[in-house]
Amino acid sequence: MGTEEKQIKHAADHAAEGAGGGPILFFIIGLAIALGIGWIAFPKALYSQKQQPFDFSHSLHNGLVDNGCESCHFFREDGSYAGVPKLAQCIGCHEDVQGSTPEEKVFVEEYVKKGKEVPWLIYSRQPDCVFFSHAAHVKVAKMKCEECHGPIGESKNLKPYEQNRITGYSRDIWGQNIAGIKTHTYDRMKMDDCADCHKERGVKASSVQTERDACFVCHK
Amino acid sequence: MKIDRRSFLSLGVGFGAGIALSPLPWKLTDDSSIWTQMWPWTPVPERGESRYVNSVCTLCPGGCGISVRKVEDRAVKIEGQKGHPVSNGGICLLGLSGLQLLYGPYRVKYPMKRREDAKRGQGKWQKISWDEAMSEVAKKLGDAKDKTACIMDSDKGTVPQLFKTLLTGLGSPNFMRTPSVEDSFELALLKTCGYPASAGFDLENADFVLSFGAGLLEGWGAPVRTFKANSLWKDKKVPVIQIEPRLSNTAAKSDKWIPVNPGTESELALGIAHVLIKEGLAKAEVSDSFKKIVSEGYAPDTVARITGVEAGVIVGLAKSFAAASKPLALCGRGKGATPISLNETLAVYALNALMGNINQEGGLFAVPQPDYIKWAKTNSNASVSKLLYGKDASLKALLVANANPLYSLPDTQAVKTALDKIPFIVSFSSYMDETAQYADIILPNHCYLERYEDVPAPAGYHKPLIGLSRPVVKPQFNTKHTGDVVIAIAKAMGAELPYDSYETCLKETFGDTWEAFQKDGVLTADFTPPAPSGKIELNETSLKPVALEGESSAFPLVLVPFDSMRLSGSSIGEPPFVIKTVDDTILFKNDICIEINPKTAQSYNLSDGKYARLTTPKGSAKVRVHLYEGIMPGVIAMPRGLGHTPGFTGNDKYLAGKGVNVNELMGSAECPDGLNAAYGIRAKLERA
């Protein structure tokens, strides 16, 4: 190839680049793949799905008890919060099968009769480094359960428990929205969400000792 | 279109931008920070209902009340029990760390038998069933009959009584209690007051405290109570005078430290008694024989020569002691883990008697021995010195419970030799301690937080009191209450015992009072002590300082062990929490430090931090030098409570290989009344 020919070829290449926008195309392809990974594949891969030992209807039970949520999720005498009920609380009604649901049968036969606690997976369990007092929020600040936990009392089924493969905690802490965007107060349970509410309500003295907010109020 | 380097770069940039625009990096950052808080070895308390169970700590003779916080079935913290008569809400370092003894790796988890092919102490065990273990023990004891012996840390309470009953059934009188200052107190009180009694000190009400080497801040008596009393004395400006050769914590915190030649405390006490009698300062009468001995032989000048304390100081001490309205003289070296001579005990008793404070408020009480165990028909008592150190090699079986003679008795080698002569050794230890390792069979007891037990007569407490130690958690392993095991063995051998289980035995021993005992955790009784007779008879054959083992030409120095609040000195050894608090002037990395006066060190050309070889007639050890002005020249002080050799290697990094057991270097110096009153041993030092 002569010098002239070379020059012509070079010019043609330039023309092709200008017209097709190769780098831009590749940029867009890279961007699209990454966005796909980040927004779709990553959340799928991050969480594993686990089923509860058996299904449970909050709405059914809510209709049968007198004292709303606190009938089962009660405060102990010393003011500490009992959390998810133990067998001892259920046994009052479920010593024998009451209704006709297969779930109740599983419960009575596999757990009640064998005296085995149900290994419930707890959606709202905070990391071990978090100290949270239900009494301060429910008894003192008169907050409703729904503000943090949502309308779980109306649910007919238990949703699958999504466990973060890295931290081992429930997806409900970060929230369903992978970007962390929330529409309800109960969509997320991260520290920022605690702070949002505290800020909104002007809670500035969480610590009885120091009369102000401080790390150690929640991180013991 | 051509794919070139630029295309890949663009793809990479696009990918990077896409990732940055997705939640992935932010979410991953957040998750990984939470992940770092999730190390599986980070202890996280169980969730659940919390409650407290009150019990009594039995890790030392103090008998403090404890309150154990539990979350569900897990004990999570031991606290002091508020309102308990002995400790009232206080707790010591060891007591606080007790959960590490419950859940730690030193537990013996099931009955074990030494493997046929293994020698004692090799650590080769086979797991056996309780039935096998107990029938083997019953068979061996049946063969050994009256050649069976038992050693325990206490001879009071239902469990020691069960052992005594077992021995009596076998025709054996060989029940031994590990020696301690209690031996000296009990013997002295029996001789002076005429009834079996424990020594009690009304520390809280004294207004002048003269302590002859009692380690008030080193774990003497019931340590928590003594610490509290010490604080009370500081508040009330009660003078505390500490007499001992070493500047201990007690001496450092006292109002006045009087360094005395080691082993001459008894002479100093008699010198003070001399001044009290001669100057007419005595408020009560004592035996003429005592007065005669003291008046003739213990003038301040003479005593000054023996003790190294100036005559003027002795007179001054006597006068200020007599000027107080409720002066109290105390004795018992360090924690009181070793006996002192009978004469020393009597001399200190005499100071209290001369002030008329025997069985009086702020004084010394002869608290009658508890006698609530009506079913006990035993009178079995033998001395360690005769059975373990003596020439007698006729013992065929030894039962070891709540004791660790191979660690805690002086002259470890001699104890080992004695044990070697005994063909069958049974350990009831919950832990793989030194003696358990040397046993033929281990029948592990429940740990102290898993069992019922009556705990009579807390050390140094001035009123009759029984504490109830009760299960805080259910047994963690396949262990059995030693009380139940002894009952079963005794029954198998045909002994007459009215009970089938230890719990029934305990319940019925207390009869009508059981319910109140269960509820309160303590039982107290009123007692009206008889008026003291003033009878004090010194043993005239031993009226000279205890002679230490070893020739002074070959062993020019004197080695004295010392106690520390941070070393339990107990048979079990220090849990990790405790060992971590030990000063590096006591334990430097894994080396034991000895205290040596700079003057003495100079003559051996030793400087601080150098290694030396310390040799006594009994043994030798490599030690690290710690120069200390607070120890007399010519004397070397060595901490007691180190050098444990726990049995499960691999799990024992907190305890194994830490320093040297001072008992390996110690010997005995028996006073004529059978008490080993060795306060030290002669020693020599070489650079290493």
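Residue numbering restarts at 1 for every chain, and letters A, B, ... go by the order of the sequence lines. Note that this is a predicted model, so its numbers are computed, not measured.
Using a 4.0 Å cut-off between charged nitrogen and carboxylate oxygen, R51(B) and D78(A) do not count as a salt-bridge pair.
In this structure, the side chains of D30(B) and W174(A) come closer than 4.5 Å at one or more pairs of heavy atoms. Proximity of L28(B) to F42(A): side-chain heavy atoms (C-beta onward) are separated by under 4.5 Å at one or more points. Side-chain contact between I37(A) and F15(B) is present, with at least one heavy-atom pair separated by less than 4.5 Å. The side-chain heavy atoms of R47(B) and D128(A), taken from C-beta on, include a pair separated by under 4.5 Å. Side-chain contact check for K27(B) versus N164(A): some heavy-atom pair is nearer than 4.5 Å. Side-chain contact between D31(B) and L46(A): present, with at least one pair of heavy atoms (C-beta onward) separated by less than 4.5 Å. For the pair W39(A)/L24(B), no side-chain contact is recorded, criterion being any heavy-atom separation below 4.5 Å from C-beta on.
Dense packing is recorded around CZ of F477(B), with more than 12 heavy atoms of other residues, nucleotides or ligands lying under 6.0 Å away. Annotation for E117(A): atom CD counts as buried by contact number, over 12 foreign heavy atoms lying within 6.0 Å. More than 12 heavy atoms of other residues, nucleotides or ligands sit less than 6.0 Å from atom CZ of R188(A). Within 6.0 Å of NZ on K159(A) lie more than 12 heavy atoms contributed by other residues, nucleotides or ligands. Residue K199(A) qualifies as open at atom NZ: its count of foreign heavy atoms under 6.0 Å is 12 or below.
Listed here is the closest heavy atom pair of P23(A) and R6(B): CG-CD, 4.4 Å. Taking each heavy atom of P23(B) and G38(A) in turn, the nearest pair found is CD-O, 3.7 Å.
If you take CD1 on I166(A) and OG1 on T36(B), they are separated by 11.5 Å, rounding to the nearest 0.5 Å. For the atom pair S10(B) OG and F26(A) CZ, the distance stands at 8.0 Å (nearest 0.5 Å). The CD1 atom of I24(A) sits 12.0 Å away from atom OG of S7(B), with the distance rounded to the nearest 0.5 Å.
V44(B) touches chain A through its side chain: at least one heavy atom from C-beta onward sits under 4.5 Å away, while N, CA, C and O do not. Using a 4.5 Å cut-off between heavy atoms, I29(A) contacts chain B through both its backbone and its side chain. There is no contact between R165(A) and chain B, counting heavy-atom distances below 4.5 Å. Proximity to chain B involves both the backbone and the side chain of T167(A), based on heavy atoms less than 4.5 angstrom apart. Residue E49(B) touches chain A through both its backbone and its side chain, counting heavy-atom pairs closer than 4.5 Å. Both the backbone and the side chain of S50(B) come within less than 4.5 Å of a heavy atom of chain A.
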Candidate pair Y169(A) and I34(B), rule side chain to side chain contact (heavy atoms under 4.5 Å, CB included), full reasoning: CA-CA 9 Å; Y169(A) 289 109; I34(B) 296 172; 3.8 Å; yes

Chi angles and distances behind the side chain to side chain contact (heavy atoms under 4.5 Å, CB included) call for Q37(B), H219(A): CA-CA 12 Å; Q37(B) 296 160 3; H219(A) 299 286; over 6 Å; no

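Of the listed residues F8(B), W35(B), W26(B), the one with more heavy-atom pairs under 4.5 angstrom with chain A than any other is W35(B).
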